[in-house]
Every structure is written in C-alpha cells, then in structure tokens.
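Model, not experiment: these values are computed from the prediction. Numbers restart at 1 for each chain; the letters A, B, ... are given by sequence-line order, proteins then strands.
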Number of protein chains: 2
Amino acid sequence: MAHVKIQYDVMDAFCMDVFQRFGFTKEESRIISDVLLLSDVYGIESHGAQRLVRYHKGIASGMIKVHAKPEIVFETPVSAVVDGHDGMGQLIGHFAMNLAIKKAKEIGMAIVTVRDSNHFGIAGYYAKMACDQGLIGMAFTNSEAIVVPTFGKKAMLGTNPIAISMPAEPYPFFFDASTSVVTRGKFEMYRKAEKPIPDCWGLDANGHPCTNAAEVLTNIDKKAGGGIMPLGGAEELTGSHKGYGYAMLCEIFCSILSMGLTSNHSIQNGKGGTCHGFIAIDPAAFGDAEAIKQHLSDFLTELRESPKADGKERIYTHGEKEILATADRMKNGLDVDVKTLAEMKDLSEYVGADFNSYFGDIYNG
Amino acid sequence: MAHVKIQYDVMDAFCMDVFQRFGFTKEESRIISDVLLLSDVYGIESHGAQRLVRYHKGIASGMIKVHAKPEIVFETPVSAVVDGHDGMGQLIGHFAMNLAIKKAKEIGMAIVTVRDSNHFGIAGYYAKMACDQGLIGMAFTNSEAIVVPTFGKKAMLGTNPIAISMPAEPYPFFFDASTSVVTRGKFEMYRKAEKPIPDCWGLDANGHPCTNAAEVLTNIDKKAGGGIMPLGGAEELTGSHKGYGYAMLCEIFCSILSMGLTSNHSIQNGKGGTCHGFIAIDPAAFGDAEAIKQHLSDFLTELRESPKADGKERIYTHGEKEILATADRMKNGLDVDVKTLAEMKDLSEYVGADFNSYFGDIYNG
C-alpha cells in the first residue's frame with residue numbers, strides 16, 4: 001500500500017465540503033468530520049477519511065438518512081433511550097453522548113442507549129467527549145456480525161468495541177478496542193500482504209482455526225460461515241469465553257437496553273440498525289475529582305515506569321500511543337492510502353467537489 | 001487430587017459453625033457462608049470452602065478485622081464510597097451491593113466503590129444479588145498484583161475480575177471472569193499435575209513466556225518478577241493490551257474512584273487494602289423491563305442454537321455452565337479436595353468445632 005501525507009487542514013476542508021454536498025448542514029458536517037479525522041490523527045486509518053466512500057454508499061442506498069434527527073423516546077434523570085431513525089451514526093452518537101454528559105453533570109452519572117443508528121466511527125471519540133469535560137466516558141457499539149461465539153462456526157456478534165476514557169496527567173487514560181482478537185482491518189492488511197494470519201485470529205467455514213486471511217474475509221462477505229475469533233481465541237484454555245463475554249456486555253448496553261437489533265440482525269436488507277451505548281460518570285460523585293485524577297495519574301506513571309520485559313523498551317498506558325500519533329500527524333500530515341485518494345477523486349466528481357483544489361499538487365492518478 | 005463429595009447442607013452447617021467461632025454473628029456468618037458456597041455450587045472450587053483456612057489466617061494475622069463495620073464516607077443519590085475498615089470482604093461487598101441496589105431502585109442506577117476491604121470471594125455473587133432483584137448487576141475487585149502489563153516483567157495488576165449478570169429466561173446472563181488469561185488456580189492445577197502450561201499464560205522473571213507453572217508461581221510468591229499474562233497474552237498481536245485495558249477498567253471502578261490501594265500496593269505489610277466496585281442498573285430506567293428481559297432471552301437462545309464448530313456439541317451462553325453445575329452439586333454434593341478436608345480438620349481443632357460431627361463418616365485422615 002503506497003501512502004501519501006495529507007495535511008490535517010486540507011483533509012478537514014475536503015471532508016467539510018463533501019459532507020455538505022451530501023446534504024448535511026455545516027454544523028453537522030463539522031461533527032462528522034471531527035469524528036472521522038480524530039481516527040486518522042490517532043493512526044486508526046480504517047475508521048478515518050477512507051470511510052468517506054462507504055458513508056456515501058450508505059447515503060446513496062438509503063441506509064443512512066441524511067435528514068433524520070435523533071429522538072429521545074424514553075428518559076429519566078439518569079438514563080435515556082434514543083431512536084436514531086436511521087440517521088448518520090456520528091450525529092446520533094454526538095447527540096446521545098452530549099445527553100449523557102448533561103445528565104451526569106446534573107446528577108452524577110447517566111447511561112444513554114441508542115437504536116436504529118448507523119456506523120458511528122471510533123467509539124473512543126465519544127468516550128473522549130466526556131473526558132474532555134472532566135468526566136469518565138464510556139462508549140459501546142454493536143456492528144455487523146463477523147465474530148463467532150466460542151464453539152460456534154457462524155458469526156453472531158459484531159467486533160463490539162468498548163471504549164473508556166478518564167482524565168489524567170500528563171494525558172488522559174483512553175482505551176478503545178474491539179472485543180474480538182483483532183478487527184476486520186487487520187485481516188485486510190494481511191490479505192494485501194499475502195501473509196498468513198496467526199492461528200488465533202480467524203475461523204474457516206467449519207469453525208476450525210484458519211491462517212488464510214482471504215478465505216476468512218471471503219466467507220464473511222458471502223456469509224458462508226466462520227469469521228473472527230473473540231479476544232482469547234477459539235478455546236476456553238486461552239480465554240475465548242471472556243472475549244465473547246465482553247462482546248455480550250457491549251451488546252447489553254447497545255442493542256438489549258435500547259430494544260434495538262442485535263449484531264446478528266443488523267446491516268441486512270438495506271437497514272443498518274446499529275445500536276450504541278454511552279455512559280458518563282462524574283468523578284465528583286465520589287469525592288474530590290482532582291484527587292481522584294491525581295490518583296489515576298500516579299498509577300499510570302507507576303505502570304509506565306515499571307520494569308520492562310527483555311527486549312521491550314517501553315510499557316505504554318492506554319492513550320499514550322494516540323498522543324504520540326497526534327503529535328506526528330499534526331506535524332507531518334495524515335497517512336492516506338493512494339487508493340483512498342483515488343476513491344475520493346471519483347467521489348468528488350460524483351458530488352461536484354473540486355478535488356484538484358485540495359489534492360491536485362499531491363495526486364494526479 | 002483426590003476429591004470427596006460433601007452434601008451442601010453439611011458444608012453449610014460447618015461453615016456457619018466455624019465463622020461464628022471466628023467471632024462473626026450468626027447473620028454475618030450466613031452472608032459469608034452463602035458467598036463461599038455459591039462458588040462451590042458453581043464449581044469454582046478455588047473461591048469456595050477451600051479458602052476457609054486462608055480467611056482464618058487473615059483473621060489471626062490481623063489483616064481481616066472481625067468486628068470492623070463498613071462505613072459510607074461519601075454519598076450522592078447515585079453513588080457512594082465505602083470504607084471497609086479492613087473488615088471481612090464478603091460483609092463489605094454485601095453491604096455495598098445492597099446500597100447500590102437500594103439507590104438503583106430509587107433512581108435507576110448507582111455505583112458504589114469500596115476501599116480498605118479484603119478478599120470478597122467470587123465477584124459474580126454480588127452481580128447475582130442485583131440480578132436476583134431484577135436489576136443488571138456488575139461487580140469488580142482488584143487483588144494482589146500477579147498480572148504483568150503488556151511489555152512488562154513485574155506484576156502490577158491483580159487478576160481483576162469483572163462480573164455482570166442480567167435477568168433472562170430460562171436462566172440469567174451471568175459472566176464472571178478475571179481479566180487475566182487465567183487465574184492463579186489454573187497454574188496450581190498444572191503444577192500439581194506436573195504438566196507444562198500453554199505458552200500464552202505465564203511470564204518468567206525476565207518477561208519471557210514460560211511454560212513451567214512451578215517457576216511462575218515460585219517467582220510470584222518471592223516477588224522475583226514475571227507473573228500471569230493479561231487476557232490476550234503477552235503481545236499486541238494477540239490482544240494483550242486489551243486484557244490489560246480491561247484490568248485497568250476494573251481498577252478505575254475499584255481503587256481509583258475509592259482513592260484506595262491499587263493492586264500493586266495491596267496485600268503488603270499486613271494490610272489487605274483490597275478495593276471493589278459495584279454497579280446496579282434498573283432496566284426499567286430504559287422502558288419496559290419485561291420486554292428488555294425477553295429481548296435478551298431471545299438473543300441468548302439464538303446464540304445457543306447457532307451452528308456449532310466441527311467437533312463441538314454445544315455453544316454455551318454465560319451462566320449456563322453455572323446452572324448445570326448447581327443442578328449437579330445440589331444432587332450429588334460439592335467436590336471437596338481431601339487436602340481441604342484435612343485443613344478443615346486442623347482448623348476445627350484450632351477453633352473448637354466438632355469436625356467429626358460433620359465429616360466423621362467421610363474423612364478419618
């Protein structure tokens with residue numbers, strides 16, 4: 001994969017332009033672009049600008065409804081259920097997490113669960129929203145079923161990420177990870193590189209471990225059986241039932257409490273139906289928020305400074321790699337696959353954006 | 001390991017006798033015995049009656065204070081911080097989860113965090129307390145540091161279990177698992193059997209994978225380095241940073257919010273300092289609790305009925321194995337190691353209980 005560097009401001013301006021051409025308001029486009037580009041800034045290319053084309057397809061097919069507005073359909077001082085009415089996932093997620101934050105600031109904590117949404121980007125964006133306001137933030141989402149439960153051979157669960165962020169110095173704790181051993185993107189990288197995948201990642205159509213990334217991906221696309229293993233692999237000996245359990249925890253806060261579609265029923269027959277969950281907790285509900293923040297900071301420092309394994313130079317705490325990636329990307333630009341640029345050029349023609357005014361000096365393909 | 005079968009009622013009567021001789025009231029002994037025996041009934045021998053002797057040692061050494069009462073030191077309608085004052089973990093846990101349940105019934109959800117407690121048995125007991133009352137229950141605890149963060153070689157984290165239970169038919173969802181790949185008990189079983197452990201379980205003193213259970217356990221006891229890997233193993237390729245992340249999530253709800261001891265500082269110099277976290281959520285805060293319960297039940301049924309991998313007969317949902325174990329144990333008796341019985345005989349002499357009146361017909365060793 002050949003990559004080029006694109007300055008943040010250039011990519012941001014392009015995204016703003018395109019999302020407005022999709023029919024979103026300037027304010028809405030601001031939110032969607034922010035979610036997408038945080039992913040690129042954090043080095044998670046799979047959930048960044050490269051998804052522009054997929055969002056466009058979702059809009060064109062009617063799966064994502066541009067003018068849908070999220071609606072609170074049930075509410076208490078500590079909770080809410082939001083119906084996304086099949087709108088854009090980022091707008092629904094932003095609305096729902098802001099609602100959780102507002103309630104948490106008033107009463108100490110809140111959970112907002114969402115049904116009938118669509119792909120919302122990285123879960124961590126929403127956890128970070130709460131953290132940026134001094135709260136603990138958690139975000140969950142289900143997704144298309146591509147993960148196989150322990151001892152199964154049919155994908156029944158999404159990659160179902162759980163994200164949590166909490167204020168700390170010198171940078172927040174920020175953990176955002178799928179509950180599967182890896183995400184689909186890793187399989188795609190190995191397929192492109194024609195490298196065998198580790199035998200604890202994927203299952204073939206019969207439920208046996210499979211080291212052929214292309215075979216697993218093809219079967220997923222055809223719904224022919226097999227898929228990605230939960231975190232912990234395929235056997236209880238390596239903790240498969242635990243990854244499967246965390247996927248279920250995610251499902252409870254997303255699809256179960258919202259009465260929405262579980263992963264095995266989502267993204268079918270032109271309907272997304274993706275469900276999310278958001279939790280905001282005010283540390284001040286447990287005493288001195290500053291002291292609690294310092295307590296976490298101290299523990300994170302102890303972890304980073306604890307003895308390293310032979311051959312390892314550094315112990316990371318969660319969120320540290322994202323801080324390093326941000327410093328790099330804001331200085332050197334975002335990493336963008338030339339294939340993504342080519343897709344963006346086609347997309348520009350389709351929606352009437354002036355591709356060359358943004359990327360003409362970089363890409364002439 | 002030779003095992004004998006002990007009827008539930010016999011073991012329960014013995015535990016009630018012994019805990020009262022330790023100095024606990026009848027009511028307190030009832031709670032402690034219930035927590036311990038639920039573990040045996042669920043087939044988790046490591047956290048059941050076999051710990052009687054360890055609790056006795058904790059009391060004798062002064063680490064566990066028999067007459068300490070848990071105290072609410074900070075409180076809001078949705079939250080509380082409890083100081084355990086170094087009392088018995090089960091009593092503190094029971095008190096704190098009941099507090100979370102009471103608040104959740106009043107306002108929809110609550111989090112109670114606990115510091116200065118001791119080992120509280122299985123986390124799942126407390127999650128089940130909430131579930132038995134129609135709520136979602138979650139329980140967390142930190143513990144002695146025996147788990148090594150990704151790329152480290154010093155144990156900094158406890159096995160830090162996360163438990164969640166939620167009402168469903170025909171049986172509740174019940175997930176209770178350490179965030180490490182396995183617990184210490186598994187290492188002890190392999191050491192006894194003189195079998196090599198899988199290479200994704202333990203680290204030697206230098207942070208290299210190690211298949212010798214005895215070596216890892218000896219190093220843990222001597223604090224000589226190494227320990228148990230997080231769920232996901234030792235490398236990011238297999239998701240090590242995710243297990244490490246879930247351990248941190250656990251630590252946040254236990255030691256961080258309570259301003260208590262993080263795992264790396266607990267159980268040192270005669271002080272336990274174990275921290276717990278409890279969450280109770282009323283599904284009615286999200287609408288029709290019965291409909292939500294049915295929605296979860298339907299999904300669990302779909303999971304169980306989904307296609308099995310070649311060579312696997314059954315897909316379990318979390319909590320199903322515990323239901324099967326309960327049926328077996330209540331009919332056939334609890335599985336008790338004869339070594340545990342021998343320890344219980346010594347303990348009986350020490351505290352003045354009549355061992356033979358309980359177990360004389362089974363054990364004469």
Side-chain angles (χ1 to χ4, degrees), chain A residues 74 76-79 81 107-109 111 113 136 149-154 156 164 166 173 175 177 181-182 198 200 203 206-208 231-232 237-239 242 245-246 248-249 251-252 256-257 259 262 264 281 283 285-287 291-292 295-296 299 302-303 306-310 312 314-315 318, chain B residues 74 76-79 81 107-109 111 113 136 149-154 156 164 166 173 175 177 181-182 198 200 203 206-208 231-232 237-239 242 245-246 248-249 251-252 256-257 259 262 264 281 283 285-287 291-292 295-296 299 302-303 306-310 312 314-315 318:
Chain A
F74 191 89
T76 80
V78 294
S79 62
V81 180
I107 200 162
M109 71 192 61
I111 302 177
T113 182
I136 299 171
T150 309
F151 302 160
K153 67 176 178 184
K154 181 183 174 187
M156 294 290 289
I164 176 166
M166 178 169 178
F173 177 81
F175 171 59
V181 61
V182 288
C200 60
L203 294 168
N206 296 313
H208 294 298
L231 176 62
L237 199 71
T238 49
K242 300 187 184 183
Y246 297 127
M248 290 300 295
L249 190 159
E251 209 70 58
I252 285 173
I256 300 300
L257 285 179
M259 292 297 291
T262 50
N264 57 322
I281 302 167
F286 301 90
I292 289 169
H295 189 35
L296 175 60
F299 185 42
E302 287 182 325
L303 283 161
S306 73
K308 316 299 176 280
D310 269 11
K312 302 291 184 188
R314 188 165 182 168
I315 293 170
H318 300 84
Chain B
F74 191 89
T76 80
V78 295
S79 62
V81 180
I107 201 161
M109 70 194 60
I111 302 177
T113 181
I136 298 171
T150 309
F151 302 159
K153 67 176 178 184
K154 181 184 174 186
M156 295 291 289
I164 177 165
M166 180 171 177
F173 177 80
F175 171 58
V181 61
V182 289
C200 60
L203 294 169
N206 296 313
H208 294 298
L231 175 63
L237 199 70
T238 50
K242 300 187 184 184
Y246 297 128
M248 291 299 295
L249 189 160
E251 209 69 60
I252 285 173
I256 301 301
L257 285 179
M259 291 297 291
T262 50
N264 57 322
I281 302 166
F286 300 91
I292 289 169
H295 190 35
L296 175 60
F299 185 42
E302 288 182 324
L303 283 161
S306 73
K308 316 299 175 279
D310 270 10
K312 302 291 184 188
R314 186 165 183 168
I315 293 170
H318 300 84

Taking all atoms of both residues into account, what is the closest heavy-atom pair of A/Thr113 and B/Phe286, and its distance? CG2-CD2, 3.5 Å
Which heavy atom of B/Val78 sits nearest to which heavy atom of A/Gly108, and what is that distance? CG2-CA, 4.0 Å
Heavy-atom closest contact (A/Leu231 atom, B/Thr238 atom, distance): CD1-O, 3.8 Å
I'd like to know which of A/Ile111, A/Leu296, A/Ile281 tops the heavy-atom pair count under 4.5 Å against chain B. A/Ile111
Side chain from CB out, backbone as N, CA, C, O: work out which of these in A/Ile107 comes under 4.5 Å of a heavy atom of chain B, or both, or neither. both
Applying ring pair (Phe, Tyr, Trp, His ring centres under 6.0 Å) to A/Phe175 and not counting sequence neighbours gives A/His318, B/Tyr246
Which pair of non-hydrogen atoms, one from B/Leu303 and one from A/Met156, has the smallest distance, and what is that distance? CD2-CB, 3.7 Å
Contacting region of B/His295 [heavy-atom separation from chain A under 4.5 Å]: both
With a 4.5 Å limit on heavy-atom distance, are the side chains of A/Ile164 and B/Ile252 in contact? yes
Side chains of B/Val181 and A/Lys242 in contact at under 4.5 Å (non-hydrogen atoms): no
What part of B/Met166 is in contact with chain A, defined as an atom under 4.5 angstrom from a non-hydrogen atom: side chain, backbone, both or neither? side chain
With only heavy atoms counted, which part of B/Glu251 is less than 4.5 Å from chain A, the side chain, the backbone, both or neither? side chain
Which region of B/Pro77, side chain (C-beta onward) or backbone (N, CA, C, O), has a non-hydrogen atom less than 4.5 Å from a non-hydrogen atom of chain A, or is it both or neither? neither
Is the backbone N or O of A/Ala285 less than 3.5 Å from a side-chain atom of B/Thr76, with the two atoms forming a donor-acceptor pair by type? no
On a heavy-atom basis, which atom in B/Ala309 and which in A/Gly152 lie closest, and how many Å separate them? CB-O, 3.4 Å
So for B/Ile292, is it side chain, backbone, both, or neither that comes closer than 4.5 Å to the heavy atoms of chain A? both
Select, from A/Gly287, A/Pro198, A/Pro283, the one with the greatest count of heavy-atom pairs under 4.5 Å involving chain B. A/Gly287
Against chain B, work out which of A/Lys312, A/Arg314, A/Lys154 has the most heavy-atom pairs shorter than 4.5 Å and name it. A/Lys312
Applying a strict 4.5 Å limit to non-hydrogen atoms, the region of A/Lys153 in contact with chain B is both
B/Ile136 versus chain A, the contacting section by heavy-atom distance below 4.5 Å: side chain
Using every non-hydrogen atom in the two residues, find where A/Met248 and B/Phe173 come nearest and quote the distance to one decimal. CB-CZ, 3.5 Å
Need one label for B/Leu237: side chain, backbone, both or neither, based on atoms under 4.5 Å from any heavy atom in chain A. both
